[in-house]
Structure formats: structure tokens, C-alpha cells
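Read the numbers this way: they start at 1 and go in the same order the structure lists the ligands and their atoms.
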Amino acid sequence: MNEASSSSTGFTADFRGRNPVATARLAQATTMRIGGPATIVTLEDRSDLPELLARPHRWLGKGANLLVGDAGVGEPVVRLGQAFSAIDVGVPVGGRALVRAGAGADLAELISACVKAGLAGPEGLAGVPATVGGALRMNAGTSTCWMLDWVARVEVVLPGEEQPRWLERSALPAAYRNCGLPQGTLFLGCELLLVQDDPEKLRATGARLKKAKATSQPLALPSAGCVFKNPRPDLPAGKLIDELGLKNERVGGAVVSAVHANFIVNEQRTATCADVAALIRRIRERAWRERGVVLEMEVETWECPADLKAHPRDVRVEVGV
Ligand code: EPU
């Protein structure tokens, strides 16, 4: 990463003194290892939120569920730094304890702090790659649980506002892979209310879930996790794409995983966003034409072709790409 020149960022010197600003290819900041350049800001000082929020910007967590265009993005891309990454485990009262986590913390650290303290719930998310903020924003989860299952309150800045506020969980109309708050909401942290349980049992559950993922998902190769939402609980996208015979389908450096068909892997780290987009079009077109299913993107897209979210009957698929 190079230090960005002040002229390219427009941030005041005071701001840059407190919050590191650099330029980098987003390929370095995403698990898919794809994405052009951007100005990356690491926010360390809460008092600088207003200067940041006054201009267009994008929030980045662990970059684990994100496809970025090859030309990069124009707006500053903001990550939450150490100042937003604390995890505090409260003293149990009546068999329950409150855990407070900053949105910049790694979800894996939150899970291990809860397991160590014998507090049940988050171990169900073992192996989900995310920051706490990213997991809240996406309501990340597995087939049996979601991040927002154990959350009592979240601290957010809503779009158009400058000041953080706490929202009760009941104010979030959360659903499958959706926190229910508007696009552009910034998550600063959360409180979880957890029930005590045997730490050894929780550790064993987490280890079992991680092992199951390692055998059923292509974790050794760069990817953005599951590309599509499951169209219905009884119709997993991976099973559908597999049945369409699309495993190992390839465009340029992008390949439909032979391990799990809802993963597109950047096998040789040479794939471009254009390759992935062409493969996505091809999968969506086949699912629509042969099964009448509209596959919706689970992966977030930044500066990617708009037709990835259009109805597949309106999308032109290039033949023989
Ligand atoms: N299947 C196939 N072929 C495949 C892949 C899956 O036949 O290529 C079948 C499996 O055998 C199984 C069914 O499809 O019978 C469901 O597969 P799996 O158990 O892997 O679950 P999933 O619905 O594909 C969901 C989440 C994953 C999460 C797993 C495990 C979505 C879109 N995906 O996958 O989340 O890790 O459950 O809990 O909801 C992610 O969000 O990025 C992600 C990977």
C-alpha cells in the first residue's frame, strides 16, 4: 500500500494524522483477490466520523463477501481500525452475560472469546469469514443460525445521519442474509446477550462446524463464499448449479468450484471481475432457462456490471467466452 497524496483524498491533515490513508488495489483487501485501486482509510478516531460521512464513501469489512470491479472504486473505502475492535465479556448474572463487540473486531475473535467464557450461540458461526460489522450488516450465517440471533442491540450510524445511535434488535427487520437496515448503514458495534454453557461442548461444536465446512467448501482457493442466495430453503443454489452440470465451468481465470457449485474460485489468482461476471451471467441464464429459477446475488458487488442483478431473461449471455 502507498500513502495516498492529500490531493487525491481531500481529507484534512488533522484527519490524516489520526486515520491512516493509503492507496491500494482492492484485490489485496478481498478474499476473492479481485478488484482495482481505491483510497483506503482506516478509521481510528470516532470524532472524525462527521468529516468522513460528509462525502461519498464505502465501508469494507474483511472483504469476504465482495466482488470489486477491475477499474476499482472512486470513493474512499473505509475500514474500522483498532479503536473499533474491542471485545468485552461481561460477568454472568443469573446464567446470562452481556458481550460487547466493536464492529472492526474479527468474528473469529468474538467467537473464541465467547467459547472461552462458556457463553453459547456464536460458536454456531465458526468458520464464517467476517468482521463483526460485516457479519451484522449481512446477517451472516449458516444453514442453522444467523449473526443477529444473539444480538440484543446494535450501534449504528444510519444513512444521512452523523451521530451514532443504539438500536434494539427488535428494530431490525432482519431476514436471511439481510440485517433489515438501509443500504449504507454503518455498524459500529453490538451487544450480545448469551446464556452460559460448557466451554468444552461449545469448542467441540465450533470445531465440528469448521471441519464440515473444510470438507464441503473450497476454502484453500480465493473466493467470495457462496455467490448466490439459496432461492428457497429446499433448493440450495449449490445443488441447483451442480444439477445443471456447471461444476468446473470456466471463463478466463474464474471457475465454478468442483467442491461446491455455489462458489466461484479464482483458481490461479488471474481472474478478473469481467471473467467472474461472465460466469455469473452464464449460470443465471441456465438456471432461468432450464429450471425457471432467478438466482439472486448473495455477494456484494462494487462497480460491477449492473446486469448481474437484472432478471436473467433481460441479460445477454456471451457465447464461447
Ligand atoms: N450441494 C450439492 N452440490 C454442490 C453443493 C451443495 O448437491 O455443489 C448440496 C449439498 O449436498 C446439500 C445442499 O446442497 O445437500 C446444501 O449444501 P450445503 O450444506 O453446503 O449448504 P448451502 O445451502 O449450499 C449454506 C450457506 C453457506 C454456509 C453453509 C453451511 C447460503 C447461500 N450458503 O450453504 O454460507 O457456509 O450453508 O452452513 O446460504 C456464504 O454465505 O458465503 C456461505 C458459504
Side-chain angles (χ1 to χ4, degrees), residues 30-34 60-68 106-108 111 121-150 174-180 202 204-250 254-267 276 279-280 282-284 286-287 290-291 293-302 304 308-309:
T30 59
T31 57
M32 189 85 198
R33 300 278 174 246
I34 288 177
L60 179 68
K62 208 165 177 168
N65 194 50
L66 181 61
L67 178 64
V68 181
D106 198 301
L107 180 62
I111 294 169
E123 78 286 351
L125 294 174
V128 173
T131 58
V132 168
L136 291 167
R137 155 86 176 71
M138 289 299 304
N139 195 12
T142 68
S143 41
T144 54
C145 61
W146 296 337
M147 178 69 185
L148 287 164
D149 288 349
W150 309 282
Y176 170 63
R177 296 295 192 272
N178 183 354
C179 68
L202 303 179
T205 304
R208 176 176 52 75
L209 291 170
K210 275 192 183 169
K211 199 169 165 200
K213 259 176 180 281
T215 50
S216 64
Q217 299 180 0
L219 301 186
L221 293 173
S223 82
C226 283
V227 177
F228 303 104
K229 293 181 184 174
N230 286 341
R232 298 194 308 262
D234 64 334
L235 184 61
K239 184 162 187 283
L240 170 64
I241 299 165
D242 191 354
E243 286 170 359
L244 290 169
L246 287 170
K247 276 186 172 174
N248 293 315
E249 186 81 358
R250 170 187 297 269
V255 189
V256 175
S257 167
V259 179
H260 194 301
N262 198 10
F263 282 66
I264 291 179
V265 292
N266 182 1
E267 210 173 51
V276 178
L279 198 48
I280 288 173
R282 196 177 285 180
I283 296 167
R284 295 184 80 230
R286 291 274 305 275
E290 294 181 32
R291 300 284 294 270
V293 173
V294 178
L295 286 175
E296 277 183 36
M297 298 291 291
E298 191 210 299
V299 164
E300 287 272 313
T301 53
W302 287 0
C304 293
L308 300 185
K309 291 181 181 166

task = Collect the protein residues that have a non-hydrogen atom under 4.0 Å from ligand 1 and hand them over in chain and number order.
result = Thr142, Ser143, Tyr176, Arg177, Lys213, Gln217, Gly225, Cys226, Phe228, Asn230, Pro236, Gly238, Lys239, Asp242, Lys247, His260, Ala261, Asn262, Phe263, Glu298

inquiry  = Check this for me: does any side-chain nitrogen of one of Glu249 and Arg286 sit under 4.0 Å from a carboxylate oxygen of the other?
reply    = no

Working to the nearest 0.5 Å, report the span between [atom1] of [X] and [atom2] of [Y].
X: Gln217; Y: Cys226; atom1: CD; atom2: SG; value: 6.0 Å
X: Asn65; Y: Thr30; atom1: CG; atom2: OG1; value: 11.0 Å
X: Asn230; Y: Leu235; atom1: CG; atom2: CG; value: 7.5 Å

query = Under the side chain to side chain contact (heavy atoms under 4.5 Å, CB included) criterion, do Met297 and Val227 qualify, and how do the steps go?
reply = CA-CA 6 Å; Met297 298 291 291; Val227 177; 4.3 Å; yes

task = Look at the side chain of Thr301 and the backbone N and O of Leu67, then say whether any donor-acceptor pair between them is shorter than 3.5 Å.
result = no

